[in-house]
Peer 1: 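Supplied in structure tokens, the structure appears directly below.
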Amino acid sequence: MRSDPTVHDDEDLDAAVAAVRERVDVSPEVALILGSGLGQLAEAADETTVVPATDIPGYPESTVKGHDGQLVFGGLEGTRVVFVQGRVHLYEGYPVQQIAMPVRLLHTLGAERLLVTNSAGGINRTFDPGTLMFITGHLNMAFASPSVGSGAVPARRHDGAAAGRTGREPFYDPAWTSRAEQVALDLGLDARRGIYAWTLGPSYETKAEVRALAHLGADAVGMSTVPEVTQAHRLGMTVLGLSTITNPAAGLAAGALDHDEVLKVSERVRGDLMRLVQGIVRVSEG
Ligand code: HPA
């Protein structure tokens, strides 16, 4: 039974595809869902066409005033890309299937690759603020999936067994990740690998939760990314995930978690991260 009969309705998706196609006729190769602060990267793209989310039937509207969603189609590093701006989160109250709707739309429009970035709290004690972390696996601690209600049947997951429709493993593409690591190395950036735990939010974790997540094997914790990645994987897309560690997770440093500190760290690594994302787009094709 579907939890919401509209969210997987192919007719809705057809209308969304038609609305975009009316405005832009290129097919993107790589879709980019970038965490806050990386919006400027779209300005580095050429021949851009902007499609406002409000023009796309079924597209999730941002609840944050002044942060209306839009898709920016263009070229970056010789690759046809699309930027998803105004990403939405489960804690904003959307059904998880709607959070993943832009991924279904962009896949239908031709995108075979998805690059996702986010900011996260560091759980691994060797990950200082400012560390960049390639995501090699995740813990779904929000226990929500965009596949619910899609007619999908249980499939084994990312632990070496068969997965989703395609049987491809794991969620985060090892080959693209290795190429991206080389880009980081060439740029002189210290990037690590780790496991990302997705929590519902909007509040930061309790100290007890962070202790528990550490025991479960998480290196970082955040409130995004997993819905879009789960959807992309189910569609057979090639995925790369990258976290910026902006703070020690709750309880791992003296004092309360300071949002200003989080913003300061994001600001400090922004230039490096933008160069890295551009380089990753350049090596998106193996
Ligand atoms: N927890 C959850 N999400 C986050 C954090 C955190 O510590 N830092 C940045 N995003």
Side-chain angles (χ1 to χ4, degrees), residues 32-41 62-64 67 84-94 96 99-100 115-145 171-172 189-230 240-274 276-277:
L32 299 127
I33 303 180
L34 304 181
S36 47
L38 280 193
Q40 281 164 288
L41 196 57
S62 177
T63 55
V64 186
H67 283 82
V84 177
Q85 294 184 330
R87 156 198 236 168
V88 296
H89 303 82
L90 194 60
Y91 63 72
E92 292 174 71
Y94 299 96
V96 63
I99 294 166
L115 168 50
V116 195
T117 75
N118 60 43
S119 53
I123 293 181
N124 184 321
R125 287 177 181 274
T126 71
F127 290 3
D128 291 330
T131 301
L132 301 174
M133 183 191 93
F134 288 110
I135 305 173
T136 52
H138 64 234
L139 300 175
N140 182 340
M141 303 308 289
F143 306 104
S145 167
F171 278 43
Y172 302 86
L189 303 177
D190 179 26
R192 312 285 296 271
R193 290 183 170 211
I195 302 293
Y196 176 85
W198 175 41
T199 58
L200 170 61
S203 39
Y204 287 127
E205 302 67 43
T206 64
K207 294 178 186 180
E209 286 164 347
V210 169
R211 271 201 305 276
L213 291 172
H215 282 295
L216 291 174
D219 295 294
V221 57
M223 304 171 193
S224 68
T225 301
V226 171
E228 296 97 326
V229 167
T230 304
L240 188 131
L242 177 60
S243 294
T244 303
I245 307 298
T246 50
N247 56 282
L252 297 184
L257 227 164
D258 180 353
H259 188 58
D260 285 346
E261 196 52 38
V262 169
L263 295 180
K264 252 191 249 164
V265 172
S266 301
E267 181 69 39
R268 174 157 64 77
V269 300
R270 180 171 302 162
D272 286 345
L273 198 54
M274 284 186 17
L276 180 56
V277 168

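Numbering of ligands and ligand atoms starts at 1, following listing order.
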Peer 1: Side chain, backbone, both or neither: which applies to Ala250 and ligand 1 if a contact is any heavy-atom pair less than 4.0 Å apart?
Peer 2: neither

Peer 1: Considering only protein heavy atoms, which is closest to atom 3 (N) of ligand 1, and at what distance to one decimal place?
Peer 2: Gly222 CA, 3.4 Å

Peer 1: Does the side chain of Met274 come within less than 4.5 Å of Gln40's, by heavy atoms?
Peer 2: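 Side-chain contact under 4.5 Å: yes.
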
Peer 1: Got the closest protein heavy atom to atom 2 (C) of ligand 1, with its distance?
Peer 2: Glu205 OE2, 3.2 Å

Peer 1: Taking atom CD1 of Ile123 and atom CD of Glu209, what is their separation to the nearest 0.5 Å?
Peer 2: 10.0 Å

Peer 1: Looking only at side-chain N and O atoms, does Glu205 offer a donor or acceptor that is under 3.5 Å from a partner on Thr199?
Peer 2: yes

Peer 1: What protein heavy atom lies closest to atom 5 (C) of ligand 1? Include the residue and the distance to one decimal.
Peer 2: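 Atom 5 (C) of ligand 1 sits closest to the protein heavy atom Gly121 N, 3.3 Å.
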
Peer 1: Is there side-chain contact between Thr246 and Pro129, with heavy atoms separated by less than 4.5 Å?
Peer 2: no

Peer 1: Ignoring hydrogens and angles, state whether a donor on the side chain of Arg192 or Thr136 is under 3.5 Å from an acceptor on the partner side chain.
Peer 2: no

Peer 1: Under a heavy-atom criterion of less than 4.0 Å, does Thr246 contact ligand 1?
Peer 2: yes

Peer 1: Strictly below 4.0 Å, N to O, side chains only: are Glu267 and Lys264 in salt-bridge contact?
Peer 2: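 No.
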
Peer 1: Against heavy atoms of Asn247, which atoms of ligand 1 measure under 4.0 Å?
Peer 2: 5 (C), 6 (C), 7 (O), 8 (N), 9 (C)

Peer 1: Identify, for atom 10 (N) of ligand 1, the protein heavy atom at the shortest distance, and state residue, atom and that distance.
Peer 2: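 Among all protein heavy atoms, the one nearest atom 10 (N) of ligand 1 is Ser119 O, 3.4 Å.
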
